[in-house]
2 protein chains.
Amino acid sequence: MTEKQEKILEAALKLFAEKGYAAVSTNKVARAAGVSEGLIFRHFTNKEGLLEAIKQQGMEKAQSLLGSMVMREDPKDVLRGILAFPFNIDKEEYHYWRLMYALKWQAEKYDHSMSHPMRKIAADAFKALGYADPDAEAELILIIIDGLATAELLRRPQNMEAVRHTLFSKYEL
Amino acid sequence: MTEKQEKILEAALKLFAEKGYAAVSTNKVARAAGVSEGLIFRHFTNKEGLLEAIKQQGMEKAQSLLGSMVMREDPKDVLRGILAFPFNIDKEEYHYWRLMYALKWQAEKYDHSMSHPMRKIAADAFKALGYADPDAEAELILIIIDGLATAELLRRPQNMEAVRHTLFSKYEL
DNA sequence: TTATTTTGAGTAATTAATCACTTACTTTTT
DNA sequence: AAAAAGTAAGTGATTAATTACTCAAAATAA
């Protein structure tokens, strides 16, 4: 990975996340990266190839994040782990997650590969805890995480700690 | 409102919701509406004016929807009312809500005018029910509604009725 | 007729993508 | 070691297509 390749990916991620994939031209990406426009196509074939490279880059981050959740043996620890995600989106991951969530709304580009294993993990945890409908509980918790992440990425509410406390109380965590 | 004006709005709403505002050209809107491209600019000034017309059209629908929630006097009925929203998005409103939710991710275009009054209504209901932290509960319920609507608009999970039941149980509704 | 709506050809700017070409390193050959 | 050959990174001018938008003329309605 060249220094200029990284510059391109970095600039494209930021611009795509802030303005939206379709609204950002390859010209703007090149200017933001301090690179000739042609170089983008040399390295990433076309504009969509650039997007795919960003997505794959982020998938690796997400994979390691997911891995740390499965490890725990105590089901309450598992739930604590997956519910903590929206509250722990740090600076360097911010643009990536914002882009991923924005792309969900852009037709075909939606990817379930992340939520599917997480749903299974959550369902197993709820079952171990004796919940009446573990599958529905798992579905609900994923939906809530989605909402929490959206709020964090878009509005950054100031009372998120209170929200976190309120939510954790409902699951006795 | 001319017949062709409505055709334009209808086609634009559908395309913007499905493909995204930036990814849809005025040419495509015109073709989908069976209308000349120039007519769009006669009626709506420019592309953004077309978007604004769609948004305002939907704001009126949202307004009446919101109005029916405030009416109720029983706080549990209020909560039932606002929590029911994501489960009752019908065909004709589908494209509008999908567009609104997608636009939230498109930078400047985010509009809080809908969620603010709803947060107040929810907080009052939770306070009346004696909840410990009504403001945090209200924030959380809005976040959950956001997640539920997203799931309904994007994935249409088959077990939404079970999810609904699980959620309502948590609030004893 | 007079006024309004609608068209379709036109514009300048921007788009994604390609092109021939230069530069900087390696590798291979002598 | 020096020379030659090969390779990958990078540029910037250029392409054809598409973009949002305009306008004079035609169709339609009043």
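Note on naming: letters A, B, ... go to the chains in the order of the sequence lines (proteins, then strands), and numbering restarts at 1 for each one. The shown structure was predicted, so the numbers you read here are calculated from the model rather than taken from an experiment.
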Per atom distances to the A/Val35 side chain, the nearest of D/dA20, D/dT11, C/dT6 is D/dT11
Requested in this report: State whether B/His43 places a side-chain N or O below 4.0 Å from either non-bridging phosphate oxygen (OP1 or OP2) of C/dT6.
Outcome: yes
Rounded to the nearest 0.5 angstrom, the CD1-OH distance for A/Ile54 and A/Tyr96 is 10.5 Å
*asked:* Is it the case that the side chain of A/Lys104 and the backbone of B/Ala102 share a donor-acceptor pair, with hydrogens and angles ignored and the cut-off at 3.5 Å?
replied: no
Between B/Arg42 and B/Asn46, whichever has its closest DNA chain D nucleotide further toward 5' is B/Asn46
Atom NZ of A/Lys28 and atom P of C/dT14 are separated, to the nearest Å, by 9 Å
A/Phe44 CZ to D/dA8 P, in whole Å, measures 16 Å
| message | Is the phosphate of D/dG10 approached by A/Ser36 (side-chain N or O, under 4.0 Å from OP1 or OP2)? | response | no
| query | For A/Ser25 and C/dT14, is the shortest distance between a side-chain N/O and OP1 or OP2 below 4.0 Å? | reply | no
B/Ile8 atom CD1 is separated from D/dC21 atom P, nearest whole Å, by 14 Å
Exercise: do B/Glu137 and A/Thr166 side chains pair donor with acceptor under 3.5 Å = no
ask   = Are the charged groups of A/Arg155 and B/Glu139 less than 4.0 angstrom apart, N to O?
value = yes
Exercise for the section: Scan A/Val29 against the nucleic acid and name what it touches under 4.0 Å (heavy atoms): base, sugar-phosphate only, or nothing. Expected result: nothing
message: Between A/Glu152 and A/Arg156 (salt bridge meaning N to carboxylate O under 4.0 Å), is one present in this structure?
response: yes
note: A/Asn27, atom CG; C/dA13, atom C1'; distance rounded to Å ~ 12 Å
To the nearest angstrom, the CD-P distance between A/Glu48 and C/dA16 comes to 12 Å
Between CG of A/Leu39 and C1' of D/dA13 the distance, given in whole Å, is 16 Å
| Any A/Lys4 side-chain N or O less than 4.0 Å from OP1/OP2 of D/dT11 | yes
A/Phe41 atom CZ is separated from D/dT11 atom P, nearest whole Å, by 14 Å
Taken to the nearest whole Å, CD/A/Glu6 to P/D/dG10 is 11 Å
5'-most contact on DNA chain C (nearest-nucleotide basis), A/Lys47 vs B/Ile40, goes to B/Ile40
